[in-house]
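Single-structure report; data block below.
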2 protein chains.
Amino acid sequence: MAGATREGAGVATLSDVARRAGVSPATASRVINGSSKPVTDELRERVLRAVADLQYVPNAHAQLLARSHRGAVGVIVHDVSDPYFSEITRGLQRVATDRGRLLMICNSYRDPERELEYVELLRGQQVAAIILAGSGYHDPDFTRLLNGKLAAYEATGGRVAVIGRHEHSGDAVMPDNRAGARLLGEEIRRLGHERVGVVAGPKMLTTTTDRLTGLREAFAAHHRELPEHRIRYAAFDRDTGAAATASLLDAEPELTAIAALNDSMAIGALSLLRSRGIAVPGQVSVFGFDDMPMARDVTPALTTVRLPLVELGTRAMALALDAGSAKPRVESLAAELVRRDSSAPAKGMARY
Amino acid sequence: MAGATREGAGVATLSDVARRAGVSPATASRVINGSSKPVTDELRERVLRAVADLQYVPNAHAQLLARSHRGAVGVIVHDVSDPYFSEITRGLQRVATDRGRLLMICNSYRDPERELEYVELLRGQQVAAIILAGSGYHDPDFTRLLNGKLAAYEATGGRVAVIGRHEHSGDAVMPDNRAGARLLGEEIRRLGHERVGVVAGPKMLTTTTDRLTGLREAFAAHHRELPEHRIRYAAFDRDTGAAATASLLDAEPELTAIAALNDSMAIGALSLLRSRGIAVPGQVSVFGFDDMPMARDVTPALTTVRLPLVELGTRAMALALDAGSAKPRVESLAAELVRRDSSAPAKGMARY
DNA sequence: AGGTGTCAGGTAAGCGCTTTCCTGACAGCC
DNA sequence: GGCTGTCAGGAAAGCGCTTACCTGACACCT
């Protein structure tokens with residue numbers, strides 16, 4: 001009965017442990033987080049037993065406050081359940097785990113406002129680094145605000161890395177969307193498609209404009225155009241992709257190709273075409289972008305542009321965790337065309 | 001120049017703000033987090049200006065420590081990039097956001113050890129609730145250890161809710177895996193399949209055994225068996241699902257149906273079958289489980305068992321955030337068979 | 001023997017905030 | 001005019017830890 005103290009009355013604290021072990025809090029602390037300061041086996045033993053008895057877990061906030069040590073890393077993505085971001089996150093996670101960091105994932109759901117809130121929140125949590133993944137917005141006010149907050153964070157030692165954002169001036173990993181789209185445009189031209197509908201992403205996202213620009217460049221190189229009336233702006237997801245395809249087809253039934261600016265929308269397009277009994281690629285070719293894992297599993301398997309998604313994540317995390325250099329480091333990762341079964345020469349181009 | 005203090009020398013703190021505004025830290029604190037205590041407009045104004053000037057963000061750890069207030073909520077999942085978990089997470093996130101809580105997502109990658117670590121970590125972060133999503137493990141030692149830690153957490157006011165785990169004695173949301181599998185078994189029997197290969201999940205997961213049990217029960221009801229030699233244990237992912245299917249087919253080319261215990265593996269099976277030129281459902285029917293979003297997008301669209309994934313998440317979060325009741329609340333969510341194009345009557349059963 | 005070096009362990013000062021309790025000013029009352 | 005009540009704002013005590021610094025014991029030296 002001798003050891004009976006007022007335990008169970010709330011969370012066990014370090015001093016509870018110390019008291020039970022009959023040592024000072026300092027000694028208990030040293031044992032618990034393996035300080036360099038030596039402690040005799042006798043005391044160490046007693047402390048460890050007390051820890052076990054009390055199921056003691058250090059209060060992370062108190063620790064962090066006391067050490068003013070930055071622990072975790074935060075990433076703000078548009079939406080983790082989107083495979084594009086799951087893959088990137090997988091890469092981030094891998095490196096974070098290797099370096100013993102906890103990764104906190106925040107979904108902005110493409111709401112700039114919420115993105116700002118999460119930056120504040122992560123800053124408040126004293127995270128070691130903030131990673132922003134996913135396209136930026138065409139919105140100067142927002143960009144200025146965001147950059148202001150990030151600058152304040154960096155000014156106090158925080159690290160920032162972005163994936164696929166032009167607007168930030170620091171370390172960045174950039175998928176080469178424009179060059180990728182150019183490859184795609186070349187391929188479409190090569191296959192002889194003249195009437196091409198484009199299912200683009202949200203107009204406000206820079207990724208959308210980058211990809212559109214690349215596509216246009218490829219067409220311009222052959223003195224062709226990508227007229228605005230053959231472009232639809234959707235939400236980068238399956239269902240709006242299907243709707244956009246329907247709208248495109250209703251306006252112009254003779255299209256021979258649909259280029260969707262990401263795979264989710266391409267899959268929506270595929271599904272819409274199937275439901276209308278239009279053969280792919282027999283009547284219409286479909287192109288995607290990103291090469292997310294499921295692109296190979298749909299039928300026909302999707303011709304798309306591969307982005308090294310996981311690597312985007314690993315690189316960004318490496319950038320964020322390695323000591324920052326004076327000059328911003330920008331790594332550009334190349335895209336690659338992946339030909340599968342959803343594309344074929346345009347009718348009358350069978351010689352290809 | 002009058003207001004120039006040693007700013008920029010680290011993160012701005014509350015007292016920096018107070019000093020700059022010419023008030024006490026107490027007043028600054030009251031203004032900043034809208035305490036009930038009244039503050040004159042004059043002072044309030046000055047404090048807010050100082051906050052803006054200094055780009056001040058409260059140190060969340062200090063706040064949490066001082067209030068000993070539990071803020072965020074943590075969820076431990078097997079792997080968010082698995083659509084099964086992304087969907088659940090989406091549900092969790094929705095409710096968490098509604099209630100103004102930050103959700104921290106932790107991936108255990110099906111490593112019990114890491115799951116334990118994350119529980120400790122979240123406990124240390126003083127989260128308001130811990131949600132465990134995903135199958136438990138057939139491992140009494142681990143279960144005992146985990147329950148011990150969770151009990152300690154709950155003893156100090158933490159809330160715990162689990163999704164799809166039998167082993168925990170508290171609040172739980174349970175997908176009815178067994179009944180769902182029974183439905184699936186019934187359907188397979190109804191279609192007249194006699195030689196059925198099963199691509200199961202990891203043997204150590206209770207979800208695997210539950211689904212297997214349901215399947216067996218349906219077969220037993222018709223005096224049929226599900227012999228062990230027609231079962232393969234894979235890793236619940238696409239690639240191992242394909243490999244397991246290959247192994248099944250190699251051992252017994254006359255199988256007329258493959259029942260995969262989740263959709264990812266079913267998609268792997270589909271891909272393997274396609275690569276071998278085996279028609280689905282012409283020669284072999286394929287069945288999945290979960291009804292993840294992409295099940296409708298593969299070709300042929302997957303016949304599967306729908307689990308209300310998002311709802312699993314919303315319910316669990318609601319349980320976790322609502323005040324706990326004395327007796328554990330267990331909500332069971334029904335599964336539902338979804339017939340699509342990957343299944344057909346067995347050969348010789350065309351009358352169906 | 002006295003001095004010095006070494007080392008295990010304790011003491012106490014914060015880390016940045018919240019909040020209770022106190023103070024002093026002022027208005028309203030007999 | 002003196003008393004009380006009210007109320008804005010400040011002082012200070014923690015929240016649970018870490019760690020620089022101090023203490024006292026002991027061994028070893030001249």
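FYI, side chains are in, hydrogens and waters are out, and symmetry mates aren't considered; it's all heavy atoms of this structure. Letters go in sequence order (proteins before strands), and every chain restarts at 1. Source: prediction; values computed, not measured.
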Q: Could you check which of C/dT11, D/dG10, D/dG9 has an atom nearest any side-chain atom of B/K37?
A: D/dG9

Q: Nearest whole angstrom, please: distance from the P of C/dG16 to the CD of A/Q63.
A: 16 Å

Q) Within this structure, what is the CZ-to-C1' distance between B/R19 and D/dG10, rounded to whole angstrom? A) 16 Å

Q. Between atom CZ in A/R46 and atom C1' in C/dA8, what is the gap in whole Å?
A. 13 Å

Q | Interatomic distance, A/Q126 CD vs C/dG16 P [rounded to whole Å] | A | 9 Å

Q: From the options D/dG14, C/dT19, D/dT19, select the nucleotide whose nearest atom is closest to the side chain of B/A66.
A: D/dG14

Q) Between A/R30 (CZ) and C/dG10 (P), how many Å, whole number? A) 8 Å

Q: Look at B/R315 together with B/D171 and state whether they make a salt bridge at an N to O cut-off of under 4.0 Å.
A: no

Q.
For A/D322, is there an ion pair with A/R99 - N to carboxylate O distance below 4.0 angstrom?
A. yes

Q: In whole angstrom, give the distance that lies between atom CG of A/L14 and atom P of D/dG14.
A: 18 Å

Q: Looking only at side-chain atoms of A/N33, point me to the closest of D/dT18, C/dG10, C/dC17.
A: D/dT18

Q) Out of D/dA11, D/dC17, D/dT19, which has the shortest distance to the side chain of B/A26? A) D/dA11

Q.
Quick check for you: among D/dT18, D/dA11, D/dG16, whose closest atom lies nearest to any side-chain atom of A/S29?
A. D/dT18

(Q) Using the side-chain contact (heavy atoms from CB on, under 4.5 Å) definition, which of the options A/L92, A/V95, A/V127, A/L321 pairs with A/V73? (A) A/L321

Q) Does B/T40 put a side-chain nitrogen or oxygen below 4.0 Å from OP1 or OP2 of D/dA8? A) no

Q) What's the CZ-C1' distance between B/R67 and C/dG16, to the nearest Å? A) 12 Å

Q.
Tell me if a side-chain donor or acceptor on A/R159 pairs with a main-chain N or O of A/A320 at a distance below 3.5 Å.
A. yes

Q) Would one find a side-chain N or O of B/S24 under 4.0 angstrom from OP1 or OP2 of D/dA11? A) no

Q.
Just so I know, are the side chains of B/I76 and B/L122 near enough to count as touching, which here means a heavy-atom distance under 4.5 Å?
A. yes

Q.
I want to verify a distance call: between D/dT18, D/dG16, C/dC17, whose nearest atom is closest to the B/Y56 side chain?
A. C/dC17

(Q) Under 4.0 Å from OP1 or OP2 of C/dG16: is there any side-chain N or O of B/T13 that close? (A) no

